Structure formats: structure tokens, C-alpha cells
Amino acid sequence: MDVLLLGASGRIGRRIAAELLDRGHAVTGVSRSGTVEGIDHAQFTAIAGDATDPDQIARLAAGHDAVGSALGPGEDDSPAVLEETMRATIEGLRRASVDRLVWTGGAGGLEVAPGTKLVETEGFPDDWEDLARAAIDAYEVLREADDLEWTYLAPAAMIEPGERTGEYRTADGELVADDDGESHISMEDFAVAFADELENADALYTYLGVGY
Ligand SMILES: NC(=O)c1ccc[n+]([C@@H]2O[C@H](COP(=O)([O-])OP(=O)(O)OC[C@H]3O[C@@H](n4cnc5c(N)ncnc54)[C@H](OP(=O)(O)O)[C@@H]3O)[C@@H](O)[C@H]2O)c1
């Protein structure tokens, strides 16, 4: 598969790129800087682009089989840029006639109990609330895009660099937690889940939680 990966230079994006390349896919990795450190592979091309611009997305996406996103706001960006990049990406895919989009989202909109989202729970960190709500706003835009084949893949509450075990569990719209009630996943195993979803499209039109 030829995959355009938005946010390929980020912490999660680099691991998704590496996982896809290991599986034999070709990856064009987009970031504003146009450089992706730590990936040197014949099937990988790093390219500069701004994911808030639908024209740029359309030009970059043309000829690819699918688009993935691990976009996240930079330090100087408002969290609201997530919704802007979602709108531009959707529009860019339409113009490029690319149907498939797998998006790295946020855990905040996943349910921890019927009718209760993680972001609504007591103890959800204040510092993360704006970002979590912005990620939900972006999801609300995506869920209207039923002309695309989309999946919104959300990591567990905690996602950090770690080991690639190849193991993970998923839940439709729900936060995934382990037997001790901890919700976590390594970035490497999240990348496995992301690549599995790109290859198999098992969770179309789903806000899918991923964790151990
Ligand atoms: N538990 C959770 O819910 C959880 C935890 C962690 C992360 N996440 C989500 O996962 C996503 C990725 O996180 P991360 O930590 O890997 O982010 P990150 O390290 O900050 O990477 C963000 C990537 O997006 C790129 N980018 C930002 N704005 C762009 C634009 N306008 N055009 C093109 N590229 C752009 C950045 O490159 P440039 O700056 O060079 O453009 C970088 O490659 C985020 O949406 C984040 O909210 C969720």
C-alpha cells in the first residue's frame, strides 16, 4: 500500500511510519518541517506540507491508497487546530479521490461508563482538557464524512514510548483498561493497531479505543 502519513515526524507518527515500512508498505511522511528523524528506508519519503491547507493535502494525497494521521498541535498552536486539520484533510482527500483515512485521535471522548466520557470524569487533568475536547470536536467533523472510509483510532489514557509486543485490545467507543483498571499502551503497539486497521479496515466508521 502507498500511504500518506500526516504528522510522520511526531512521537506516534514516527512509530507508525516504522511499523508500516516493516510491513512492506511505502510511506510518504508529512510534517511542516519536512524532516523525520530516525527513519532511513528506501520506501520512505519525508516531505514538507501544512495539514491545515486542503490544496496541499489534495496534492500530497494524490496517487496514494490511503491517508493516515498522527497530527498533533505544535507547542505554539491552539488545540482547535486539530479540527482545522481534520476539515482540511477531509476536503483534501475528496479532491484527490482518496477514500481511506485512519486518524490518531484522543482518549477523552471514549466512554468509561455508559454515557460518561473520560474527559468528563473527576480527576481528568485540567491541563489536558482543552486538547481532549478539541480532539472530540475533530471527531464530530469526521463522523459526518460518510463519503470517506474512516476510522478514528484513540490510544489508551496513557501512551508512551515502550516495547512492541504486538498485543493490544480494542473497544468500540470505550476506553480500554487492563485488569488493574489501568488504561495504557506503548506507542509501538498503538502503531501495530494503526497498521492493522489500515490493512484490514475492521473498524470502519468507528471511534475505536486501543489499549492493553
Ligand atoms: N491518550 C491520548 O488520548 C493521547 C496521548 C498522546 C497523544 N494523543 C494524540 O495523538 C496525536 C499525536 O500525538 P504525538 O504526541 O505523536 O504528537 P507530536 O509528537 O506533537 O507530533 C505531531 C506531528 O504533527 C505534525 N504537525 C503539526 N501540525 C501540522 C500541520 N499543520 N501540518 C503538518 N504537520 C503538522 C508535527 O510536525 P511539524 O511540527 O513539523 O509540523 C508532528 O509530526 C495527537 O493528536 C495527540 O493529541 C492522544
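None of the values given here were measured: they were computed from a predicted structure. Read the numbers this way: they start at 1 and go in the same order the structure lists the ligands and their atoms.
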Donor-acceptor check, side chain of [X] to backbone of [Y], threshold 3.5 angstrom: yes or no?
X: Tyr212; Y: Asp179; result: no
X: Thr85; Y: Val81; result: yes
X: Tyr207; Y: Asp172; result: no
X: Asp77; Y: Gly74; result: yes
X: Arg14; Y: Ser9; result: yes
X: Tyr152; Y: Tyr205; result: no
X: Arg169; Y: Gly211; result: no
X: Ser186; Y: Arg164; result: no

Residue [X] vicinity, atoms of ligand 1 by number, heavy atom under 4.0 Å:
X: Gly106; result: 3 (O)
X: Ser33; result: 40 (O)
X: Ala156; result: 1 (N), 2 (C)
X: Gly7; result: 23 (C), 24 (O), 25 (C), 43 (O)

Nearest protein heavy atom under 4.0 Å from atom 46 (C) of ligand 1, yes or no
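Protein heavy atom within 4.0 Å of atom 46 (C) of ligand 1: absent.
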Could you check whether any heavy atom of [X] sits closer than 4.0 Å to an atom of ligand 1, since that is the contact criterion I want to use?
X: Gly108; value: no
X: Ala157; value: yes
X: Leu6; value: no
X: Gly105; value: yes
X: Gly49; value: yes

Would you call Arg23 and Asp196 a salt bridge, using N to O less than 4.0 angstrom?
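Judged by the 4.0 Å cut-off on N to carboxylate O distance, Arg23 and Asp196 do form a salt bridge.
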Short side-chain donor-acceptor distance under 3.5 Å, Asp2 and His25:
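No donor-acceptor contact under 3.5 Å links the two side chains.
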Going by atom types alone, do Asp189 and Thr165 pair a side-chain donor with an acceptor below 3.5 Å?
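The criterion, which ignores hydrogens and geometry beyond distance, is satisfied for Thr165 and Asp189.
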Could you check [atom] against the protein and tell me its nearest heavy-atom contact, residue, atom and distance included?
atom: atom 39 (O) of ligand 1; result: Arg32 NH2, 3.0 Å
atom: atom 21 (O) of ligand 1; result: Gly10 CA, 3.2 Å
atom: atom 22 (C) of ligand 1; result: Gly72 N, 3.5 Å
atom: atom 12 (C) of ligand 1; result: Ala70 O, 3.4 Å
atom: atom 10 (O) of ligand 1; result: Thr104 CG2, 3.5 Å
atom: atom 20 (O) of ligand 1; result: Pro73 O, 4.4 Å
atom: atom 19 (O) of ligand 1; result: Arg11 N, 2.9 Å
atom: atom 44 (C) of ligand 1; result: Leu71 O, 3.2 Å

So, do Trp150 and Leu204 sit near enough that their side-chain heavy atoms are less than 4.5 Å apart?
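They are not in contact (no side-chain heavy atoms under 4.5 Å apart), so the answer is no.
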Salt bridge (Lys or Arg N to Asp or Glu O under 4.0 Å): which pairs involve residues 88-107, sequence neighbours left out?
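Sorted result for residues 88-107: Asp55-Arg95, Glu91-Arg95, Arg94-Asp147, Arg100-Glu197.
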Taking side-chain hydrogen bond (donor to acceptor under 3.5 Å, both in side chains) as the test, write out the residues that go with Asp22, two or more places apart.
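Counting only residues at least two positions away or on another chain, Asp22 forms no side-chain hydrogen bond (donor to acceptor under 3.5 Å, both in side chains).
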Using a 3.5 Å cut-off on N or O atoms only, is [X] in polar contact with ligand 1?
X: Ala107; value: yes
X: Ser9; value: yes
X: Gly74; value: no
X: Asp50; value: yes

Can you tell which part of Ala51 has a heavy atom less than 4.0 Å from ligand 1: side chain, backbone, both or neither?
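Both the backbone and the side chain of Ala51 come within reach of ligand 1.
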Heavy-atom contacts under 4.0 Å between Ile159 and ligand 1: side chain, backbone, both, or neither?
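Looking at Ile159 and ligand 1, just side chain atoms fall under 4.0 Å.
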Separation between CG of Leu60 and CG of Leu6, rounded to the nearest 0.5 Å
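Here the interatomic distance stands at 8.0 Å.
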Which option wins on minimum heavy-atom distance to atom 14 (P) of ligand 1: Ile57, Thr52, Leu82, Ile12?
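Among Ile57, Thr52, Leu82, Ile12, the closest heavy atom to atom 14 (P) of ligand 1 comes from Ile12.
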